[in-house]
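What you see is a predicted model; the values in this text were computed from it and never measured. Throughout, protein chains are lettered first and strands after them, A, B, ... in sequence-line order, and every chain is numbered starting at 1.
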Amino acid sequence: MPELPDVEIFRRRLDRHGLDRPVRRTTVAAPDLLDGASPQSLGRLLKNHRLVETRRHGKYLFASRDGGDGWLVLHFGMSGSVQPLVPDEEPPEHACLTIAFDDGGIAYVAPRRLGMIGWTECPAAFVEAHHLGPDALAIDRDAFVEALSAHHGMIKCWLMDQGHIAGVGNVYADEILFQAELPPRCEAAALDREAAGRLHGIMQRVLSAAIEARADPERLPEGYLLPHREQGGLCPRCGGEVASVDACGRTAWYCPTCQSD
DNA sequence: CTCCATGTTTAGAA
DNA sequence: CTTCTAAACATGGA
């Protein structure tokens with residue numbers, strides 16, 4: 001789940017359930033996910049502080065503590081999420097980190113434990129240090145076209161490279177290319193500036209629609225690929241069977257009829 | 001048992 | 001230096 005739309009939903013959930021109350025207790029059940037902090041140091045950084053602001057860049061989520069002198073950093077890997085803590089109930093299964101208030105709190109849940117829990121003094125510095133490109137929803141058309149036109153290689157791989165654009169992953173890259181009617185292995189340099197500009201608009205429209213749909217494929221608008229992105233799935237546009245092909249080491253699902261050069 | 005999965009990093013080959 | 005490929009990481013589900 002955790003691509004840009006999913007992380008945006010987690011951000012909003014954290015806004016709703018995780019801000020403005022003093023942290024009483026943090027537990028770290030998966031210390032191996034901590035990057036640059038120990039369970040003790042993280043506990044000390046949060047204890048009796050309040051989280052007051054959230055930001056998202058690509059697939060990374062940041063939450064600042066009061067004073068603005070430090071930010072919790074979360075990355076969700078392949079399976080992570082943010083879930084509320086329900087008072088008087090056990091934390092969710094696979095909770096790697098819990099941040100509890102007197103009443104409620106939030107949990108970072110990751111069944112497959114491929115994510116990261118960290119701390120930074122400045123999200124912008126963190127983004128730079130991790131070589132992340134501009135956020136996919138924030139980048140403007142000209143910057144997108146400029147960056148894309150300098151690239152040789154498969155279009156899908158460029159979209160998924162977090163150093164070029166941050167936030168697009170395997171699933172939404174497929175949706176974006178389906179909406180753009182471009183095959184996943186299409187050469188990026190084959191797009192002229194007009195086509196690249198169109199792709200920019202489609203990317204932002206798809207990501208916005210996914211957020212609107214609460215990152216639930218079943219709630220996406222009619223005519224989207226994702227609900228049919230599986231073996232035997234039928235293209236919502238032409239009714240033909242979808243196909244898969246390898247691109248950048250991942251499975252790309254597409255419609256061979258609607259997405260051809 | 002095998003294979004696959006929404007991600008990232010690293011090593012090595014062209 | 002850029003691009004592509006494979007493997008590794010941890011774990012659950014089909």
Worksheet item: Could you give the CG-to-P distance, from A:Leu4 to B:dT8, as a whole number of Å?
Response: 11 Å
Worksheet item: Any donor and acceptor pair, going by atom type alone, linking the side chain of A:Arg11 with main-chain N or O of A:Arg56 inside 3.5 Å?
Response: no
Worksheet entry | Paired nucleotide for B:dA13 [Watson-Crick or G-U wobble; both distances under 3.5 Å] | C:dT3
Item to complete: Let me know the distance between CH2 of A:Trp253 and P of B:dC4, rounded to the nearest Å.
Response: 11 Å
Worksheet item: Taking the same atom, P, in C:dC1 and in B:dT8, what whole-Å distance lies between them?
Response: 23 Å
Discussion item. Just N and O in the side chain of A:His151: are any of them under 4.0 Å from OP1 or OP2 of C:dT2?
Written reply: no
Fill in: Nearest-nucleotide pick for A:Arg113, side chain only, options being B:dG7, C:dT11, B:dT8
C:dT11
Worksheet item: To the nearest Å, how far apart are A:Leu114 CG and C:dA10 C1'?
Response: 5 Å
Worksheet item: Within 45 degrees of the axis of the six-membered ring of A:Tyr254 and under 6.0 Å from its centre: does A:Arg185 put its NZ or CZ there?
Response: no
Item to complete: Would you indicate what A:Thr251 reaches in the nucleic acid, counting non-hydrogen atoms under 4.0 angstrom: base, sugar-phosphate, or nothing?
Response: sugar-phosphate
Worksheet item: Where the side chain of A:His152 is defined as all heavy atoms beyond and including C-beta, which of C:dA10, C:dT3, C:dG12 is the nearest nucleotide?
Response: C:dT3
Discussion item. Applying the salt bridge (Lys or Arg N to Asp or Glu O under 4.0 Å) criterion to A:Lys156, which one of A:Asp246, A:Asp161, A:Asp174 satisfies it?
Written reply: A:Asp174
Worksheet item: Rounded to whole angstrom units, what separation is found between the CG atom of A:Asp35 and the C1' atom of B:dT9?
Response: 12 Å
Item to complete: Measure the distance from CG on A:Asn170 to P on B:dC4 and round it to the nearest whole Å.
Response: 14 Å
Fill in: Closest non-hydrogen atom pair between A:Val168 and A:Glu3, with its separation
C-OE1, 4.0 Å
Item to complete: Return the value, rounded to whole Å, for the distance between atom OH of A:Tyr60 and atom P of B:dG7.
Response: 12 Å
Discussion item. Is the distance from the ring center of A:Tyr108 to that of A:Phe76 below 6.0 Å?
Written reply: yes
Response to the item:
Taken to the nearest whole Å, NZ/A:Lys156 to P/B:dG7 is 9 Å
Worksheet item: Which value, in whole Å, describes the distance between the P atoms of nucleotides B:dT2 and C:dA7?
Response: 16 Å
Practice prompt. Select base, sugar-phosphate, or nothing to describe what A:Gly153 touches, counting heavy atoms under 4.0 Å on all strands.
Written response: sugar-phosphate
Discussion item. For a quick check of understanding: with a heavy-atom distance under 4.0 Å over all strands, which category does A:Pro2 fall into, base, sugar-phosphate or nothing?
Written reply: base
Item to complete: Check whether any side-chain nitrogen or oxygen of A:His75 sits under 4.0 Å from OP1 or OP2 of B:dG7, and answer yes or no.
Response: no
Item to complete: Select base, sugar-phosphate, or nothing to describe what A:Met160 touches, counting heavy atoms under 4.0 Å on all strands.
Response: nothing
Worksheet item: A:Phe76 CZ to C:dC9 P: how many Å, rounded?
Response: 24 Å
